[in-house]
There are 2 protein chains.
Amino acid sequence: MDIDKPRSRRTGRIRQAIIKSAVEIIHHEGFAALSIRRIADAIDYSPASIYEYFSNKEAIIAAVCEEGFTRLTTALTDYPPQIDSRMAVRECGVQYIRFAQANPDYFLLMFSMAATQVYSNPEESLEHELRRSPAFMVIHAHIQVLVDEGSVFVTPQYGSFQIALSAWQMVHGIAMLTLTMQRNAPIDYSVIRMTLDAWQRGFSYTEHEPQKNASDFQ
Amino acid sequence: MDIDKPRSRRTGRIRQAIIKSAVEIIHHEGFAALSIRRIADAIDYSPASIYEYFSNKEAIIAAVCEEGFTRLTTALTDYPPQIDSRMAVRECGVQYIRFAQANPDYFLLMFSMAATQVYSNPEESLEHELRRSPAFMVIHAHIQVLVDEGSVFVTPQYGSFQIALSAWQMVHGIAMLTLTMQRNAPIDYSVIRMTLDAWQRGFSYTEHEPQKNASDFQ
DNA sequence: ATATTAATTGAACGGTGTTCAGTAAATGAT
DNA sequence: ATCATTTACTGAACACCGTTCAATTAATAT
C-alpha cells in the first residue's frame with residue numbers, strides 16, 4: 001500500500017494512461033465513442049484489464065471530470081492580472097465561458113455527470129461543500145475583494161458567498177446556453193461583457209428604490 | 001397520406017404511446033434505463049416495430065424533448081398574473097427554476113440533447129431562431145413590457161432581445177447548478193428571488209457610474 | 001375474392017459493460 | 001536461486017443494447 005513503491009507508481013501511470021486516452025477519445029470522437037474496449041485498444045491492454053484500475057466505466061468518467069475541474073480552475077486564473085477588481089471578476093467570468101467554448105464535450109460532460117454522480121453530501125451544508133471546490137473559490141475570492149473594498153453591498157442574508165454563487169450561476173447559464181441552444185451561433189464577447197457588467201451593477205451601491213420583499217410569494 | 005384517415009390516426013396514437021412510455025421510463029427508472037426494447041415491452045410491440053414509427057432512438061428522444069419544451073412553456077405562465085411587471089418577470093424566472101426542480105431528468109435531457117441535436121441552423125441568425133422558440137418568447141414578452149414602460153434601459157447594441165437572453169441565461173444557470181452541483185441541497189426560493197431582483201437592478205435606470213468599455217479586451 | 005399495400009415480427013449482426021476462471025508475471029520469503 | 005504467494009492480465013462468456021431485414025400477418029383497395 002506504499003504509494004511510492006515501484007508497483008504503485010506503475011499502476012498510477014496506467015491509471016493516468018487510461019484517463020488520458022479517455023480524454024482523447026472524447027475529444028476526437030465524442031463522448032458516445034468512449035468505450036472500455038476502445039480505451040483498452042488505445043493503451044494495448046485487454047478490456048478486462050481496465051477493471052484492475054477502475055471499478056467500472058462510471059469511475060473512469062468521474063476521473064475525467066475531476067481532471068476537467070482542475071483544468072477549469074487553472075483556466076479561471078489564466079488572464080492578465082493587472083486590472084482593477086471590478087474588471088477582474090468580469091474577466092474571470094469570461095474565462096469560464098471561454099473554457100466552456102474551448103472544451104465543449106469536457107464541459108458538458110462535467111456538468112451532466114454531476115447530476116448522476118454524488119458531488120453532494122446531504123449531511124453537509126452547501127456553503128461548506130462549495131468552499132472545498134477550487135473553481136468556486138476562485139470566483140469567491142474575486143467577489144470577496146469587491147466586498148472588502150466596498151464595491152458591492154452585502155446583507156446578512158445575502159453575503160459574499162451568495163454573491164459568488166450568483167456570479168457562478170450567471171456565467172454558467174451563459175456557458176451552457178451557448179453550448180446547447182445557441183451552439184452554431186457566433187459568440188460576441190463584448191455582448192457577454194455587457195451582460196456581466198449589468199450583473200455586477202445589480203450588486204453595486206446605487207440609489208435604487210427599496211427592494212421588493214422577496215417573500216411576497218412562498 | 002391523409003392525416004385524418006383512421007390509419008394515420010392510429011399510427012399517430014402509437015407514436016404518442018411510444019413517447020409517453022419513454023417519458024415514463026425516464027421518469028421512473030432514469031434516462032439510462034431507456035431502451036427500444038424497454039419501450040416495446042411497455043406498449044406490447046416487438047422492438048422492430050418501433051422503427052415503423054421512429055427512424056431511430058434519437059428521434060424518440062427528440063420527440064420527448066419537444067414535449068418537454070411545450071410543458072416548460074406552459075409552466076412559465078402558470079402563476080397568478082395580477083402582479084406588476086417587475087414581479088412578473090421575476091416570478092416567470094422562478095417558474096423556470098421550479099420546472100427544472102419538478103422535472104429534473106426531463107430538464108437535463110432537454111438541455112443535454114440540445115448539444116447533440118441540431119436545434120441550430122448556421123444559416124439563420126440567433127435572434128431569428130430564438131424568436132420561434134415559444135419558451136424564450138414568454139420571457140421576451142415580459143422583458144418587452146419592462147422596456148415599453150421604461151423600467152429598464154436599452155441601448156442600440158443591447159436591446160430587449162439581449163436583455164431577455166440574459167434573463168434566460170441567469171435563470172438557466174440557477175436551474176442547472178441547483179440540479180447538478182447542488183443537487184441535494186435544499187432550495188431557498190427567497191434567496192433566488194433576491195438574485196433575480198439583483199439581476200433586474202442591473203438593467204434598471206440608476207445613477208450608476210459610466211460603464212467600463214466592454215471592448216478593453218478582445 | 002383477389003391483388004396490393006401496410007404493419008408486425010423473429011432472428012440475426014455487431015456493438016456495449018462486466019464477470020470470472022485460468023494463466024502469466026512480479027514480488028516476498030527462505 | 002528456489003519456491004510460494006500475491007498481483008496483473010486475458011479469453012471467453014453473459015446479458016444487454018440499437019438496428020436491419022426477410023418473412024409473415026393484417027388491413028385496405030379493386
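Worth saying up front: this structure is predicted, and the values here are computed from it rather than measured. Lettering of chains follows the sequences in order, A, B, ..., and the numbering in each one begins at 1.
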I need the [atom1]-[atom2] distance between [X] and [N], as an integer number of Å.
{"X": "B/Tyr45", "N": "D/dA26", "atom1": "OH", "atom2": "C1'", "value": "11 Å"}
{"X": "A/Asp41", "N": "C/dG17", "atom1": "CG", "atom2": "P", "value": "12 Å"}
{"X": "A/Arg9", "N": "C/dA26", "atom1": "CZ", "atom2": "P", "value": "16 Å"}
{"X": "B/Ile39", "N": "D/dC16", "atom1": "CD1", "atom2": "C1'", "value": "15 Å"}
{"X": "B/Ile50", "N": "C/dT9", "atom1": "CD1", "atom2": "P", "value": "9 Å"}

Under the 6.0 Å and 45° cation-pi test, does [X] pair with [Y]?
{"X": "A/Arg71", "Y": "A/Phe99", "answer": "no"}
{"X": "B/Arg131", "Y": "B/Phe136", "answer": "no"}
{"X": "A/Arg98", "Y": "A/Tyr189", "answer": "yes"}

Please tabulate, one pair per line, each protein N/O and nucleotide N/O from nucleotides 17-20 of chain D that are separated by under 3.5 Å, including the distance.
from, atom 1, to, atom 2, distance (Å)
D/dC17, OP1, B/Ser35, OG, 3.0
D/dG18, OP1, B/Ile36, N, 3.1
D/dG18, OP1, B/Lys57, NZ, 3.0
D/dG18, OP2, B/Ile36, N, 2.9
D/dG18, N7, B/Arg37, NH1, 2.4
D/dG18, O6, B/Arg37, NH2, 2.8
D/dT19, OP2, B/Tyr51, OH, 2.8
D/dT19, OP2, B/Lys57, N, 2.8
D/dT19, O5', B/Tyr51, OH, 3.2

(Q) Let's see if you can work this out: which of C/dA7, D/dA8, D/dG11 has an atom nearest to the side-chain heavy atoms of B/Glu52? (A) C/dA7
[N], OP1 or OP2 - any side-chain N/O from [X] closer than 4.0 Å?
{"X": "A/Arg10", "N": "C/dT27", "result": "yes"}
{"X": "B/Tyr53", "N": "C/dT8", "result": "yes"}
{"X": "B/Ser49", "N": "C/dT9", "result": "yes"}

Q) Is there side-chain contact between B/Leu126 and B/Phe161, with heavy atoms separated by less than 4.5 Å? A) yes
Q. Hey, is A/Lys20 close enough to A/Glu67 for a salt bridge, meaning N to O under 4.0 Å?
A.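 Between A/Glu67 and A/Lys20 there is no salt bridge, as every charged N stays at least 4.0 Å from the carboxylate O atoms.
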Polar atom pairs (N or O), protein with nucleotides 23-25 of chain C, under 3.5 Å:
none

Q) Got a sec: does the CD of A/Glu29 have more than 12 other heavy atoms crowding it under 6.0 Å? A) yes
Q: Say whether A/Gln169 and B/Thr195, considering side chains only, have a donor N or O and an acceptor N or O under 3.5 Å apart.
A: no
(Q) For the aromatic rings, using the six-membered ring if either is Trp, is the centroid distance between B/Phe107 and B/His172 under 6.0 Å? (A) yes
Q: Establish, yes or no, whether a centroid distance under 6.0 Å links the rings of A/Phe69 and A/Phe111.
A: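 Distance test on ring centres: under 6.0 Å, yes.
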